[in-house]
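Before I ask anything, here is the structure I am working with.
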Amino acid sequence: MTGVRKAVVLLSGGLDSYTTAAIAAAEGFRLHALTVRYGQVHDDELAAARRVAQALGIREHLELGVDLASIGGSALTGSLPVPLDRPPDSPGIPVTYVPARNTVLLALALGWAEVLDARDLFVGVNAVDYSGYPDCRPEYIAAFERLAALATRAGVEGASFRVHAPLIALGKADIIRRGVALGLDYGLTHSCYSPAAGGRPCGRCDSCRLRALGFDEAGVPDPLRSAGGQPAP
């Protein structure tokens, strides 16, 4: 289909990836969403990714499985406890960091993009509220673009890939304001690292606390908080 700009967007079901996908759609890209079951302990975010994809009208939503839980080393894959009530300015890289996760996910997105003849990837990383994750920094995104040019047939033949990270310089409140302006329903999303049965947010993990602060600073009610929990899949 001549003239159609295709993009692969990593869709986790969280607030940031939902906003990123909506920005890509608003820029005129035809989205191909990729959600990865990487061994995360809770599948609530997978259900959220399906809800978000449907809300955005994404026609092609691919779910792939990669067992990073066997490697371990992260609270999100079950080998360590999820920290609760941490101060927001705690130093160091938290145990919710999943070793090499964004590199693995972007590599999968890159492979699919090459097959689709797409040259644009979208990822919802954020360097302002990134919680110390090394694979959410601008330097990392630039390095992955260089890798994409070197490691693909398309790159060797002269094509260039762009990794779009439209939220990378935004705080959580600004991200929420951007999403609200795009008409997004954040009640469809899931953010909690340690949800209760039924996906109810704990309110105490880093992600819940960062989300709550963002909504408060944006002056916007969080639909999950007002509803008392996570919507059913």
Could you tell me which non-hydrogen atom of C202 sits nearest to which non-hydrogen atom of C192, and how far apart they are?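 Of all heavy-atom pairs spanning C202 and C192, the closest is N-SG, 3.2 Å.
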Shortest non-hydrogen contact from L31 to A21?
->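 Closest pair (atom of L31, atom of A21, distance): CD1-O, 3.3 Å.
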* Side-chain heavy atoms under 4.5 angstrom apart, residues restricted to Ile, Leu, Val, Met, Phe, Trp, Tyr: same cluster for L150 and L106? ->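 In one cluster with L150: L106, no.
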Item to check | Gap separating the CG atom of L10 from the CG atom of N102, nearest 0.5 angstrom | outcome: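 Those atoms lie 8.0 Å apart.
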ask   = With respect to I168, which candidate in V123, N126, V125, T20 satisfies the side-chain contact (heavy atoms from CB on, under 4.5 Å) definition?
value =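 With I168 as partner, V123, N126, V125, T20 yield a single side-chain contact (heavy atoms from CB on, under 4.5 Å), made by V125.
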Q: Determine yes or no for a side-chain-to-main-chain donor-acceptor pair under 3.5 angstrom, with S207 supplying the side chain and S191 the backbone.
A: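 Judged by distance alone, yes, a pair lies under 3.5 Å.
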Checklist line | Partner of D120 under side-chain hydrogen bond (donor to acceptor under 3.5 Å, both in side chains), chosen from H164, R5, K6 | finding: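 Passing option: H164.
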Worked verdict on F161 versus F144 for ring-ring contact (aromatic ring centres under 6.0 Å, His included): CA-CA 10 Å; F161 291 90; F144 194 91; 9.3 Å; no
inquiry  = If you compare all heavy atoms of G214 against all heavy atoms of I176, which two are closest, and at what distance to 0.1 Å?
reply    =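 Smallest heavy-atom distance, with atoms named: C-CD1, 3.4 Å.
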- Query: Do L11 and L34 have side chains that get closer than 4.5 Å, going by heavy atoms?
  - Reply: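 Result no, sub-4.5 Å side-chain heavy-atom pair not found.
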Working note: Q40 + E45, criterion side chain to side chain contact (heavy atoms under 4.5 Å, CB included); need CA distance, chi angles, decisive distance, verdict.
CA-CA 9 Å; Q40 54 268 64; E45 66 181 57; 2.9 Å; yes
Side chain to side chain, D67 and S70, heavy atoms closer than 4.5 Å: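 Contact flag for D67/S70 side chains = yes.
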### Message
Within this structure, what is the OG1-CG distance for the pair T103 and L147, rounded to the nearest 0.5 Å?
### Response
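Here the interatomic distance stands at 8.5 Å.
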Compare all side-chain heavy atoms of L80 with those of S74 and state whether any distance is below 4.5 angstrom.
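Contact flag for L80/S74 side chains = no.
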Worksheet item: Where do P223 and G187 come nearest, in terms of heavy atoms and distance?
Response: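 So the minimum-distance heavy-atom pair works out to CG-N, 3.2 Å.
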- Do side-chain atoms of R119 reach the backbone of S160 as a donor and acceptor pair under 3.5 angstrom?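 Flag not set: sc R119 to bb S160 has no pair under 3.5 Å.
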- Taking a hydrophobic cluster as the set of Ile, Leu, Val, Met, Phe, Trp and Tyr residues connected by side-chain heavy atoms closer than 4.5 Å, whether directly or through intermediates, do L182 and Y186 fall within one such cluster?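 As far as the 4.5 Å side-chain criterion goes, Y186 and L182 are connected within one cluster.
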| message | With clusters defined by side-chain heavy atoms of hydrophobic residues (ILVMFWY) lying less than 4.5 Å apart, directly or transitively, does V95 cluster with Y193? | response |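 No; V95 is not reachable from Y193 via cluster members.
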Requested in this report: Check the surroundings of atom CZ in R178: do more than 12 heavy atoms from other residues, nucleotides or ligands lie under 6.0 Å from it?
Outcome: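 No, not enclosed.
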**Asked** OH of Y38 to CG of L64: how many Å apart, nearest 0.5 Å?
**Response**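 One finds 14.5 Å between OH of Y38 and CG of L64.
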Taking it one step at a time, do R211 and D206 satisfy salt bridge (charged side-chain N to carboxylate O under 4.0 Å, His left out)?
-> CA-CA 9 Å; R211 177 180 175 125; D206 291 357; over 6 Å; no
Check whether any side-chain heavy atom of H190 lies under 4.5 Å from a side-chain heavy atom of P195, and answer yes or no.
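Contact flag for H190/P195 side chains = yes.
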- prompt: Taking C-beta and beyond as the side chain, do R162 and E145 meet within less than 4.5 Å on heavy atoms?
  reply: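 Result yes, sub-4.5 Å side-chain heavy-atom pair found.
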Requested in this report: Could you grab the distance from atom CG of D135 to atom CZ of R137, nearest 0.5 Å is fine?
Outcome: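 Atom-to-atom, D135:CG and R137:CZ are 8.5 Å apart.
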Worksheet item: Within a strict 4.5 Å, meaning less than it, do heavy atoms of the V220 and R177 side chains meet?
Response: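 No, side chains not in contact.
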Margin query: Nearest 0.5 Å, please: how far is CG in L46 from OG in S12?
Written below: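 Going from OG on S12 over to CG on L46, the span is 9.5 Å.
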Roughly how far, to the nearest 0.5 Å, is CG of L116 from CD of E114?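 So the gap between those two atoms works out to 10.5 Å.
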May I ask you to decide whether R225 forms a salt bridge with D216, counting only side-chain N to carboxylate O separations under 4.0 Å?
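A salt bridge links R225 with D216.
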Consider only side-chain heavy atoms of I, L, V, M, F, W and Y, link residues closer than 4.5 Å, and tell whether V115 and V156 are in one cluster.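 Per the 4.5 Å side-chain linkage, V115 and V156 are not co-clustered.
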More than 12 heavy atoms of other residues, nucleotides or ligands under 6.0 Å from CD of E63: yes or no?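 Count over threshold, so yes.
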Quick check: do R209 and D85 have side-chain heavy atoms less than 4.5 Å from each other?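 With C-beta onward as the side chain, the pair touches.
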* Of all the heavy-atom pairs spanning P201 and L224, show the shortest one and how long it is. =>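 Reported closest heavy-atom pair: CG-CD1, 4.5 Å.
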Handout entry: Nearest atoms (heavy-atom pairs only) where P94 meets R86
Key =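 Minimum heavy-atom contact is CB-NH2, 3.8 Å.
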Q) Hey, are the side chains of L167 and I23 touching, using non-hydrogen atoms and a 4.5 Å cut-off? A)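 A side-chain contact exists here, since the closest heavy-atom pair is under 4.5 Å.
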Are I58 and L15 linked, directly or through intermediate hydrophobic residues, by side-chain heavy-atom contacts shorter than 4.5 Å (ILVMFWY only)?
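In one cluster with L15: I58, yes.
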Practice task
Check for a donor-acceptor pair, side chain of S17 on one end and backbone N or O of G124 on the other, with a separation under 3.5 Å.
Solution key: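 Absent.
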Practice problem: Verify salt bridge (charged side-chain N to carboxylate O under 4.0 Å, His left out) between R30 and E60, making sure each step is shown before the conclusion. | Solution: CA-CA 10 Å; R30 187 175 75 192; E60 189 164 14; over 6 Å; no
